[in-house]
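Working notes, beginning with the structure itself.
All values derive from a computational prediction rather than experimental measurement. We count ligands from 1, going down the list as the structure has it; atoms in each ligand are counted the same way.
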Amino acid sequence: MKNSDARPNRGCFEATVLTNTIVRRCYRRLNLRLDARGSAFFRDVKPGQFAELDLSSLGLPPTGAIDKPLRDAAAKKILLRRPFSFSDVHLAGDSPPAVCVEILYCVLGPSTLRMTTLKPDDVVSVIGPLGNGFSVPRGKRLAVLIAGGMGSPPLQHLAEYLRSNYPDMRVIVFAGAKTLDDFPFIVNVLDGGRCVPDEFARLGDEAYVATDDGSAGAKGLVTDCADAWLAQHAVQAEDAIVYACGPEPMLAAVASLAEKHGLDCQVSMERMMACGIGVCQSCAVETRAAAGETEYRLCCKDGPVFNAKDVCFRK
Ligand SMILES: Cc1cc2nc3c(=O)[nH]c(=O)nc-3n(C[C@H](O)[C@H](O)[C@H](O)COP(=O)(O)OP(=O)(O)OC[C@H]3O[C@@H](n4cnc5c(N)ncnc54)[C@H](O)[C@@H]3O)c2cc1C
Ligand code: FES
């Protein structure tokens, strides 16, 4: 097939806001329904892929709704689209069915502050689906998902994807954060005091929580929790795979953990992104190349999901 005949695998679409609700503290959940053309492109979106949203024309949150420093931050001009992965992708019952995507977002700066003003029936411009998502190598029967802080959205999508497409796969989830308030989902406390992450509990066979300060779940690093679980269970290396998303030091620790247990591991990396489509070169990730050399690959185009063995994590 000539290149000119190849169907583009991404585009610029309109998405209508269905809901935009508070999850907890600074975390919100935005549900969007893609237009008919966008739905065709997003139907097979993989967990870990993302979209660039244009939030530049949105208004400011109302006076009184946010503190002055945040209001000053929100007032900054927004030049660039912003990347967001999806915590859920599903078909709505319309005819033909529309694709709905859920974005779990943390309110940090001008774009995400303005995102809080979106209300049902508002329309947002979305470019996507972008990047390469998580993949499931043949023969895997156990998936260990490790989420750090705001790293949970693409892993929530992955857990749902594995449930639907690999019903025999065992899914074990570890979610970590500095403190209870830093989880972008509700953490339920069961009888006996065990804490489970609400969003993952229905998707994983087992789900564990760890916090640095012990305010929820095990006290300590989520990677130590996963390490202990792997040490206790006789995991066959060829059966299992580790998937992770979170801050880079955590991803580096997950990569070491996977290496220690001889497991395949895929990590979703984050970089500041300007274009999201491989043009501006702003999102370089240093990776290992042949003969002990390194090369820069693009987080937006070659990632954001990389084989952990390939990444030279920042110190
Ligand atoms: C592939 C990908 C998927 C993402 N998925 C999600 C998601 O599901 N939910 C979510 O809340 N956020 C996600 N993000 C991060 C999100 O894009 C930023 O939080 C958002 O751009 C912040 O925009 P802002 O204008 O509100 O704040 P800004 O002023 O742009 O940023 C606020 C602060 O966050 C830091 N920051 C912003 N973007 C990044 C980044 N990409 N990497 C490291 N630090 C950054 C800035 O340095 C600054 O300190 C994702 C990023 C990438 C690259
Ligand atoms: S964001 Fe422009 S090349 Fe990756």
When rounded to the nearest 0.5 angstrom, what is the spacing between [atom1] in [X] and [atom2] in [Y]?
| X | Y | atom1 | atom2 | result |
| --- | --- | --- | --- | --- |
| I146 | L251 | CD1 | CG | 9.5 Å |
| C100 | L34 | SG | CG | 7.5 Å |
| T287 | N307 | OG1 | CG | 10.5 Å |
| L158 | N165 | CG | CG | 10.5 Å |
| L155 | Y243 | CG | OH | 10.5 Å |

Answer yes or no: does an N/O atom from [X] fall short of 3.5 Å to an N/O atom of ligand 1?
| X | value |
| --- | --- |
| C106 | yes |
| S85 | yes |
| G109 | yes |

How does R271 reach ligand 2, if at all, at less than 4.0 Å between non-hydrogen atoms: by side chain, backbone, both, or neither?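 Within the 4.0 Å criterion, R271 makes no contact with ligand 2.
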
Please classify the A274 to ligand 2 contact at 4.0 Å (heavy-atom distances, strictly less than): side chain, backbone, both or neither.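 Only the backbone of A274 comes within reach of ligand 2.
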
Around [atom], find the nearest protein heavy atom and jot down its residue, atom name and distance.
| atom | answer |
| --- | --- |
| atom 23 (O) of ligand 1 | R82 NE, 3.1 Å |
| atom 42 (N) of ligand 1 | E270 OE1, 3.0 Å |
| atom 44 (N) of ligand 1 | M272 SD, 3.8 Å |
| atom 1 (S) of ligand 2 | G276 N, 3.2 Å |
| atom 29 (O) of ligand 1 | P110 CD, 3.4 Å |
| atom 3 (S) of ligand 2 | Q281 N, 3.1 Å |
| atom 14 (N) of ligand 1 | P83 O, 3.5 Å |
| atom 19 (O) of ligand 1 | L108 CD1, 3.4 Å |
| atom 41 (N) of ligand 1 | R271 O, 2.8 Å |

For a quick check under 3.5 Å, do D213 and S215 share a side-chain donor-acceptor pair by atom type?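 The criterion, which ignores hydrogens and geometry beyond distance, is satisfied for S215 and D213.
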
Within the 3.5 Å criterion, strictly below it, is a donor on R28 or T112 matched to an acceptor on the partner's side chain?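 Judged by distance alone, the side chains do not pair up.
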
Would you kindly specify which portion of M115 sits under 4.0 Å from ligand 1, judged on non-hydrogen atoms: side chain, backbone, both or neither?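 M115 to ligand 1: no contact under 4.0 Å from either part.
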
Tell me whether the rings of F42 and F86 are parallel (<30°), tilted (30 to 60°) or perpendicular (>60°).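 Geometry flag for F86 against F42: perpendicular rings.
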
Return the orientation label for the H233 and W229 ring planes: parallel under 30°, perpendicular over 60°, tilted otherwise.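 It falls in the parallel class, under 30°.
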
Would C299 count as a contact for atom 4 (Fe) of ligand 2, in the sense that one of its N, O or S atoms lies under 2.8 Å from it?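 Coordinating: no.
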
Element-labelled atoms of ligand 2 that are located less than 4.0 Å from some non-hydrogen atom of [X]:
| X | result |
| --- | --- |
| C300 | 1 (S), 3 (S), 4 (Fe) |
| G278 | 3 (S) |
| V279 | 3 (S) |

Backbone N or O of A253 within a donor-acceptor pair of the T223 side chain at under 3.5 Å?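 Not confirmed, T223 side chain does not pair with A253 backbone.
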
Whether L104 lies under 4.0 Å from ligand 1, heavy atom: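 Contact present.
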
Nearest candidate to atom 4 (Fe) of ligand 2, where distance is taken over non-hydrogen atoms, out of C283, P83, P304: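 Result: the heavy atom closest to atom 4 (Fe) of ligand 2 is in C283.
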
Sub-4.0 Å atoms of ligand 1 with respect to non-hydrogen atoms of [X]:
| X | result |
| --- | --- |
| T112 | 24 (P), 26 (O) |
| M150 | 9 (N), 10 (C), 11 (O) |
| P153 | 8 (O) |

Would you say R141 has more than 12 foreign heavy atoms packed within less than 6.0 Å of its CZ?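 At most 12 heavy atoms, drawn from other residues, nucleotides or ligands, come within 6.0 Å of this atom.
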
Using a cut-off of 6.0 Å, state whether more than 12 heavy atoms not belonging to E286 lie near its atom CD.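 Yes - once you tally the heavy atoms of other residues, nucleotides and ligands closer than 6.0 Å, there are more than 12.
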
Considering all protein heavy atoms, does one lie under 4.0 Å from atom 48 (C) of ligand 1?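 For atom 48 (C) of ligand 1 the answer is no, since every protein heavy atom stays at 4.0 Å or beyond.
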
Atom 2 (Fe) of ligand 2 to C275: any N/O/S contact under 2.8 Å?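 It does: C275 brings an N, O or S atom closer than 2.8 Å to atom 2 (Fe) of ligand 2.
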
Quick one, R170 with E206, criterion side-chain contact (heavy atoms from CB on, under 4.5 Å). Give me CA distance, side-chain angles, the key distance, then yes/no. CA-CA 9 Å; R170 245 179 111 204; E206 296 172 37; 2.9 Å; yes

Verdict with reasoning, L32 to V17, per side-chain contact (heavy atoms from CB on, under 4.5 Å): CA-CA 5 Å; L32 300 170; V17 175; 3.8 Å; yes

Residue pair S87 / H157, side-chain heavy-atom distance below 4.5 Å: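 No. Closest side-chain heavy atoms not under 4.5 Å.
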
